[in-house]
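What follows is a single structure, written as structure tokens, with notes after it.
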Protein chains: 2
Amino acid sequence: MTDAPMTIREMCAAFDVTPRTLRFYETKELLTPERVGQRRLYGKRDRARLTLILRGKRFGLSLEDIRQLLDLYARDSVNEAQMRRACELGRARLAQMQAQRAELDEAIADLTTELAWGEGQLARLARAAE
Amino acid sequence: MTDAPMTIREMCAAFDVTPRTLRFYETKELLTPERVGQRRLYGKRDRARLTLILRGKRFGLSLEDIRQLLDLYARDSVNEAQMRRACELGRARLAQMQAQRAELDEAIADLTTELAWGEGQLARLARAAE
DNA sequence: CGTTTCCTTGACGTGCACGTCAACCAGCCT
DNA sequence: AGGCTGGTTGACGTGCACGTCAAGGAAACG
């Protein structure tokens, strides 16, 4: 059931995107749904890809960045050179993500500190108001 | 020394941005450099803010999102209501960042797995080539 | 003094990621 | 046959985050 192809509307509901978005991603070769006559049908593969696309976006990657990454996930890298290149990109991206993770930890720490200060001030104000 | 005000060029060199970008951020009220006559001078505060701005961007935040966040970091939230609101936003953002962190960890795990598979394939190809 | 250099403020242009609208099938219902 | 629903392809519009001139001020240099 969960691997049955979905219509464009079902996709939109499931991933909270608009039809325009899905068709746009298709022109960018991020998705390649089947066609039944005219209509698009999105299979398991496209759903997995869309998950990765949206995740990538949440981290500020461009659609072009994401397309490169998807090539790594697409196991059909026919020849060795292509595959080697995909692995290169993957390693680079991994390093980048780890750096981003470190930065995110720092940002979380900063914000936590700042927030503690803010809450402290509020508490002080509350006491002063009595 | 490190807290001496910087010119726009020095800022550009230090943060790897263009003058246009700094002026643009100013129109968006993200930066508020001093003026000496016409020229801008960026102090410690603006440098700190710019650091946060660029960090925010790396995580896909819009400039408007970032402006909201900077309000929290700006300790001059005059009245209590404003301050309370800033803390609200901060807590929400913190939760969001923690979620993003979890997602990032997952993405890193995925990519690591995928990469291991890819490297494995390459190794297999290398052995087969002998 | 003129020229060069650095900076300034508009104003318009650009690339990305879509939104919006028009016109047009293709089934299905009655 | 007529109409509705849901999907399709263009084509053009939009918001954001700047880039790219154009025109000019002010200071520094020879």
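Naming: A, B, ... by sequence-line order, numbering from 1 per chain. Computed from a predicted structure; not experimentally measured.
Residue A/Thr7 has a polar side-chain atom (N or O) positioned under 4.0 Å from OP1 or OP2 of D/dG7. The shortest distance between the side-chain N/O atoms of A/Arg35 and the OP1/OP2 oxygens of D/dT9 is below 4.0 Å. B/Thr18 has no side-chain polar atom (N or O) that falls below the 4.0 Å cut-off from OP1 or OP2 of D/dC18.
A residue-by-residue look at B/Thr21 and A/Gln38 shows that A/Gln38 has its nearest nucleotide of DNA chain D further toward the 5' end. When each of A/Arg39 and A/Tyr25 is assigned the nucleotide of DNA chain C with its nearest heavy atom, A/Tyr25 is the one assigned upstream, toward the 5' end. Nearest-nucleotide positions on DNA chain C for B/Ile8 and A/Lys28 put B/Ile8 closer to the 5' end.
With contacts defined as side-chain heavy-atom distances shorter than 4.5 Å, the pair B/Tyr25/B/Leu50 qualifies.
At a threshold of 4.0 Å, the pair B/Arg93-B/Glu88 does not count as salt-bridged, since none of the basic side-chain nitrogens sits closer than that to a carboxylate oxygen. Looking at B/Arg40 and B/Glu10, no side-chain N of the basic residue comes within less than 4.0 Å of a carboxylate O on the acidic one, giving no salt bridge. Residues A/Glu26 and A/Arg23 are not paired through a salt bridge, judged by the lack of any N-O separation under 4.0 Å between the basic side chain and the carboxylate.
When distances run from any side-chain atom of A/Arg23 to the nucleotides C/dA17, D/dT8, C/dT9, the shortest one goes to D/dT8. Relative to the side chain of A/Arg40, the nucleotides D/dT8, D/dA17, D/dG19 differ in distance, and D/dT8 lies closest. Of all nucleotides listed (C/dC12, C/dC18, C/dT9), C/dC12 comes nearest to the side chain of B/Arg20.
A straight line from CG of B/Leu41 to P of C/dC7 spans 11 Å, rounded to a whole angstrom. One atom, CZ of B/Phe24, and another, C1' of C/dC12, lie 14 Å apart when rounded to the nearest Å. Protein atom CD of B/Glu10 is 9 Å distant from nucleotide atom P of C/dC7, rounded to whole Å. Atom NZ of B/Lys57 is separated from atom C1' of D/dA17 by 6 Å (rounded to the nearest Å). Rounded to whole Å, the distance from CG on A/Leu22 to P on C/dA17 is 15 Å. Per the geometry, CE belonging to B/Met6 stands 16 Å off P belonging to C/dC6, to the nearest Å. Rounded to whole angstrom, the span from the CD1 atom of B/Ile66 across to the C1' atom of D/dA17 amounts to 11 Å. One atom, CG of B/Asp16, and another, C1' of D/dC18, lie 14 Å apart when rounded to the nearest Å.
Side-chain atoms of B/Arg9 and base atoms of C/dC7 include no donor and acceptor less than 3.5 Å apart.
Annotation for B/Phe15 and B/Arg47: closest pair CZ-O, 3.7 Å, computed over non-hydrogen atoms.
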